[in-house]
Amino acid sequence: GIEAGGITEAYGEFGSSKTQLAHQLAVNVQLPKEKGGADGMCIYVDTEQTARPERIKQISEGMGLDANKILENIKFARAFNSDHQMLLVQKIEDLIVKEKLPIKLVVVDSLMSHFRSDFSGRGQLADRQQKLNKHMHDLLKLAVKYNLAVYVTNQVMAKPDTFFGDPTVAIGGHVLAHNSTVRLYLRKGKKGSRVARVIDAPHLPDSECAFIVTEKGITDLAPE
Ligand code: ATP
Ligand code: MG
C-alpha cells in the first residue's frame with residue numbers, strides 16, 4: 001500500500017508497471033480499512049490515455065469484488081495538456097468539499113509527459129519547473145489537508161555520465177524529488193517479475209520487494 005498524507009512517486013522505464021500499479025491502487029483504496037484499504041474513492045488523472053476500465057474490471061473480479069461498484073468509485077479524467085492537468089487537480093477540492101465525495105486516492109499517470117512536451121523548447125525549463133512546482137504543491141496540499149494518498153508516475157532518462165551503478169535517473173529534477181514524500185523505483189526483474197525499491201525515504205528503510213503482474217492484478221512474489 002501507499003501512504004495517505006503525502007505523494008508517492010513511482011518512476012521507472014517503459015513496462016516497469018507504473019500504470020498497472022495505478023490500476024491496482026485504484027481498486028485497493030476502496031477496500032475496507034481492515035483489509036488495507038481506505039474505504040474511499042479514486043480520482044484518476046490520465047495523461048497518456050493508458051487508463052483501462054476493462055483492466056479495473058479484471059482486477060476487481062480477480063479479487064472477488066463487484067466490478068461495477070468498483071468502477072463507479074473511480075473518476076477518470078483525461079488531461080489534454082499540462083495546464084489542463086493542473087486545472088483538473090485544482091478542481092478536486094470541490095469534489096471533496098462541495099460534492100462530499102470520500103476521495104482517498106489521487107492518481108496522476110504520467111505526471112511529466114505533458115510538462116515535457118509543452119515546455120520542450122530552449123529556455124523553457126525554468127518556466128516548466130515553476131509550473132511543476134505549483135502542481136506538486138497543489139497535490140501535496142490535497143494530500144495533507146484531506147489525508148488522502150497521491151500516486152504519481154514518472155519517467156526516467158539515461159544519465160550519460162554514469163559509469164558505475166544504475167545509469168537511469170527520474171526526470172523532473174529537484175522539484176519532483178523534493179516534493180515527493182516517498183519515491184519508488186520500479187524495474188524489471190527476473191522471469192517477468194518487477195522490483196520496487198524505496199528510494200531516500202527518511203522514515204523508511206531502503207528496501208526492495210519483488211512482485212508480479214498477473215491477470216488478477218499485482219501480487220507479491222513468493223520468495224524461492
Ligand atoms: P510506460 O512507461 O510505458 O507507461 P509502465 O511502467 O506504465 O510503462 P505498465 O503499462 O504498467 O508499464 O506495465 C505493463 C506491464 O504490465 C506489461 O509488461 C504487461 O506484461 C503487464 N500487464 C498488463 N496487463 C496485464 C494483464 N492483464 N495480465 C498480466 N500482465 C499484464
Ligand atoms: Mg504507463
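Read the numbers this way: they start at 1 and go in the same order the structure lists the ligands and their atoms.
Within the 4.5 Å cutoff, the side chain of I43 has heavy atoms near those of the L95 side chain. Looking at K104 and Q30, their side chains never come closer than 4.5 Å, going by heavy atoms from C-beta outward. The shortest distance between side-chain heavy atoms of V89 and H135 falls below 4.5 Å. Side-chain contact between T8 and L25: absent, with no pair of heavy atoms (C-beta onward) separated by less than 4.5 Å. Side-chain atoms of H114 and D83, non-hydrogen and from C-beta on, never get closer than 4.5 Å to each other.
Across I56, V29, I59, a single residue satisfies side-chain contact (heavy atoms from CB on, under 4.5 Å) together with Q24, and that is I59. Of the residues T47, N154, T153, the one that meets the side-chain hydrogen bond (donor to acceptor under 3.5 Å, both in side chains) test with D109 is T153.
Residue contacts with ligand 1: K188 is excluded, as none of its non-hydrogen atoms falls under 4.0 Å. Every heavy atom of Q155 sits 4.0 Å or more from the atoms of ligand 1. Using a non-hydrogen distance threshold of 4.0 Å, H23 does not register as a contact of ligand 1.
Taking every non-hydrogen atom of T214 and a distance limit under 4.0 Å, the qualifying atoms of ligand 1 come out as 28 (N), 29 (C). Proximity to E215 (heavy-atom distance under 4.0 Å) selects the following atoms of ligand 1: 27 (N), 28 (N), 29 (C). Of all atoms in ligand 1, listed by their number and element, those nearer than 4.0 Å to a heavy atom of F14 are 1 (P), 2 (O), 3 (O), 8 (O).
For atom 29 (C) of ligand 1, the nearest non-hydrogen atom from the set L21, V213, L186, D109 belongs to V213.
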- Query: Taking it one step at a time, do Y151 and E9 satisfy side chain to side chain donor-acceptor pair (under 3.5 Å)?
  - Reply: CA-CA 6 Å; Y151 172 78; E9 172 201 350; over 6 Å; no
- Stepwise, does the salt bridge (charged side-chain N to carboxylate O under 4.0 Å, His left out) test hold for E208 with R187? CA-CA 11 Å; E208 279 197 350; R187 64 174 203 274; 3.0 Å; yes
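In this pair, Y44 and H23 present their aromatic rings perpendicular. The plane angle is above 60°, beyond the 30 to 60° band.
Scanning the protein for heavy atoms near atom 1 (P) of ligand 1, the closest one is K18 NZ, 3.7 Å. Of the protein's heavy atoms, S17 CA, 3.7 Å lies nearest to atom 9 (P) of ligand 1. Ranking the protein heavy atoms by distance from atom 10 (O) of ligand 1 puts T19 CB, 3.9 Å first. Here the heavy atom of the protein found nearest to atom 18 (O) of ligand 1 is R194 NH2, 2.8 Å. Considering only non-hydrogen protein atoms, atom 8 (O) of ligand 1 sits nearest to G15 N, 2.9 Å. Residue, atom and distance of the protein heavy atom nearest to atom 11 (O) of ligand 1 are Q20 N, 2.7 Å.
Here Q20 does not reach the Mg ion (ligand 2): none of its N/O/S atoms is less than 2.8 Å from the metal.
Using a 4.0 Å threshold on non-hydrogen atoms, atom 20 (O) of ligand 1 does not count as touching the protein.
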